[in-house]
Amino acid sequence: MTLKRLKTGSNKSNREMIRTRRLWIYLCTVFLALTANAQQLESLREEIRQAEEDIRITDQLLSKTQKSQKNADQQLKLIQNKIRNRKNIISNLDKQSNLIGNDIGTKNTTIRSLEGNLDQLKKEYAAMVYDAYKNYKLNNFMLFLFSSRDFNDATLRIAYMQRYNRMRELKAAEIDSLSASINREVNELEQQKSELDKVRQSRNAELNSLGKDESQYRATSDKLKKEAAKLSSSIRANKEKIDRLQQQIRKIITEESRKTNSKTQTTEQREYTAKLTGAFGQNMGKLPYPVHGVIVDRFGIHPHSTIKGLTSNNTGVDIAADKGATVRAVFEGEVSQIFASPAGMNNGIIIRHGNYFTVYANLSSVSVKRGDKVALNQPIGQLAASEFEDNSTLHFEVWKWSGEGNPTNLNPEKWLHR
């Protein structure tokens, strides 16, 4: 063995180190992509859990509304909510299936890359073993050592050979371990995909089974349409009450905003208002539901389910829940106003959170008073019974005042946690 061979081995070692470095960069990139997919999968699974919880509550409320003949419109809204959640679950599972499929493809590519590197190392090891055997037969190793210029040179040559061989062994073992590890992960992913396919089939079966609910929806809708002439006047009267309630809320919040603007505040009060405004604003999509229930009437303009030509503009959301359910503050703040709603809508509370306001209407009883400081999730009252026997709805709104002009009405669904 000569010094030239030593240099050749050194060059091979350098090339191997470059190849290994590139491999690790590639593996790190793959790992980051898979980690992002895993986080997205967990987020999707959490959405399914929330949708399933929504369906469970809806089923409970449906079982109660079915006891009454007066609540066909409420049943329609609940069944619509259930169908919407089922479809969201199916769509969600499709996304999960695609993500897992992408993961499997990525990991298979990684395995092929690792196997290519492993094959190359095996060829190098075979050549090294053969070379070592020849050197052993010809005593080249001893000649290599004896040809050293001095003792230090011989020591360096021995150390180099030991380090070179050890590096190859360690790299081979490392890549072997990575290949085995990724194989295990792919097997796990394939099992997950198989399980996910079963879940999708189960969810599709559940969606198909909603034919019964949809039949009930159509039957209830047809019934309401047949009785539309008799119900039209009461429905329109109820709509007028709701419109008056929303106008009343807008007026109260506008007045409260202007009063606040006209008041002289201390530095401490201004700092507290700014801090609370910022904290509330940072919690978009994180606020808890004010009552344990499901949204049955959404924000914005939409047509009535049965009365043709009749539309409503909901400035908040209506949340169906059990009558007498505890209503809680969705964030810390101060009770700005307690008011009596139009006939049939009971009591309402407005809580100020800096420059934000939340509104809770249709309460049978109120457990706070104006000026009270309230904490997150603090009980503030109980949900009133409605014309239906076993459940009612909470009307909930979110507003923001910019510090000048009129306050702005916001979509509560964007603020409540799903």
Begin with the C-alpha distance, continue with both residues' side-chain angles, and end with the deciding distance and a verdict on side chain to side chain contact (heavy atoms under 4.5 Å, CB included) for V359 and W399. CA-CA 8 Å; V359 182; W399 292 76; 4.1 Å; yes
Where A329 and A375 come nearest, the two heavy atoms and their spacing: CB-O, 3.7 Å
Are the side chains of D59 and K82 in contact, using a 4.5 Å heavy-atom criterion? yes
Contact check, side chains of L287 and L376, non-hydrogen atoms, under 4.5 Å: no
Inter-residue atom distance D322.CG - H292.NE2, 0.5 Å rounding: 8.0 Å
Check against side chain to side chain contact (heavy atoms under 4.5 Å, CB included), V291 and Y360: CA-CA 10 Å; V291 69; Y360 315 75; over 6 Å; no
For I380, the option from V335, T326, V330, I351 that meets side-chain contact (heavy atoms from CB on, under 4.5 Å): I351
Would a distance-only check, ignoring hydrogens and angles, find a side-chain to backbone donor-acceptor pair under 3.5 Å from Q269 to T266? yes
To the nearest 0.5 Å, what is the distance between CG on L410 and CD on E397? 10.5 Å
Does the pair L78 and V296 meet the rule for a side chain to side chain contact (heavy atoms under 4.5 Å, CB included), with working shown? CA-CA 6 Å; L78 287 169; V296 290; 3.6 Å; yes
Rounded to the nearest 0.5 Å, what separation is found between the CD atom of E53 and the CD1 atom of I48? 14.5 Å
Could you measure the distance from the CG atom of N85 to the CD1 atom of I90? Nearest 0.5 Å is fine. 11.5 Å
Is there a side-chain contact between L61 and V294 in this structure, where contact means two heavy atoms from C-beta onward sitting under 4.5 Å apart? yes
Does a side-chain heavy-atom distance below 4.5 Å link F280 with N355? no
Can a salt bridge be assigned to the pair E413 and R298 using a cut-off of 4.0 Å between side-chain N and carboxylate O? yes
Between Y356 and W415, is the ring centroid distance below 6.0 Å? yes
Looking only at side chains, do N92 and Q96 share a donor and an acceptor under 3.5 Å apart? yes
Test D243 against Q247 for side chain to side chain donor-acceptor pair (under 3.5 Å), laying out the working first. CA-CA 6 Å; D243 288 344; Q247 290 169 10; 5.9 Å; no
Please evaluate residues L416 and F396 with respect to the criterion side chain to side chain contact (heavy atoms under 4.5 Å, CB included), reporting the C-alpha separation (whole Å), side-chain torsions for both, the decisive distance (0.1 Å), and the verdict. CA-CA 11 Å; L416 296 174; F396 177 71; 4.0 Å; yes
Compare every heavy atom of G293 with every heavy atom of D54, then report the nearest pair and how far apart it is. OD1-O, 4.3 Å
If we only count heavy atoms from C-beta on, is the E332 to H353 side-chain gap below 4.5 Å? no
What's the spacing between R352 CZ and T277 OG1 if we round to 0.5 Å? 7.0 Å
Please round to the nearest 0.5 Å and tell me the distance separating atom CG of D372 and atom CZ of R370. 11.5 Å
Show the nearest heavy-atom pair for residues S367 and P379, with the distance to one decimal. OG-O, 3.4 Å
Could you check whether K373 makes a cation-pi contact with Y272, meaning its NZ or CZ is under 6.0 Å from the centre of the six-membered ring and within 45° of the ring axis? yes
Do S392 side-chain atoms and A384 backbone N/O form a donor-acceptor pair below 3.5 Å? yes
Considering only heavy atoms from C-beta outward, does the side chain of N314 approach that of H302 to under 4.5 Å? yes
Any V368 side-chain heavy atom under 4.5 Å of I349 side chain: yes
Can you see which heavy atom on L383 is nearest to which on A321, and at what distance? CD2-CB, 3.8 Å
Is the closest side-chain heavy-atom distance between E256 and I350 below 4.5 Å? no
V327 versus Q382, closest heavy-atom pair with distance: CG2-C, 4.2 Å
Out of N346, D297, D318, N362, which residue meets the side chain to side chain donor-acceptor pair (under 3.5 Å) rule with H395? D318
Is E334 salt-bridged to K369, going by a charged N under 4.0 Å from an acidic O? no
Minimal heavy-atom distance between I253 and P407, with the atoms involved, is CG2-CG, 3.7 Å
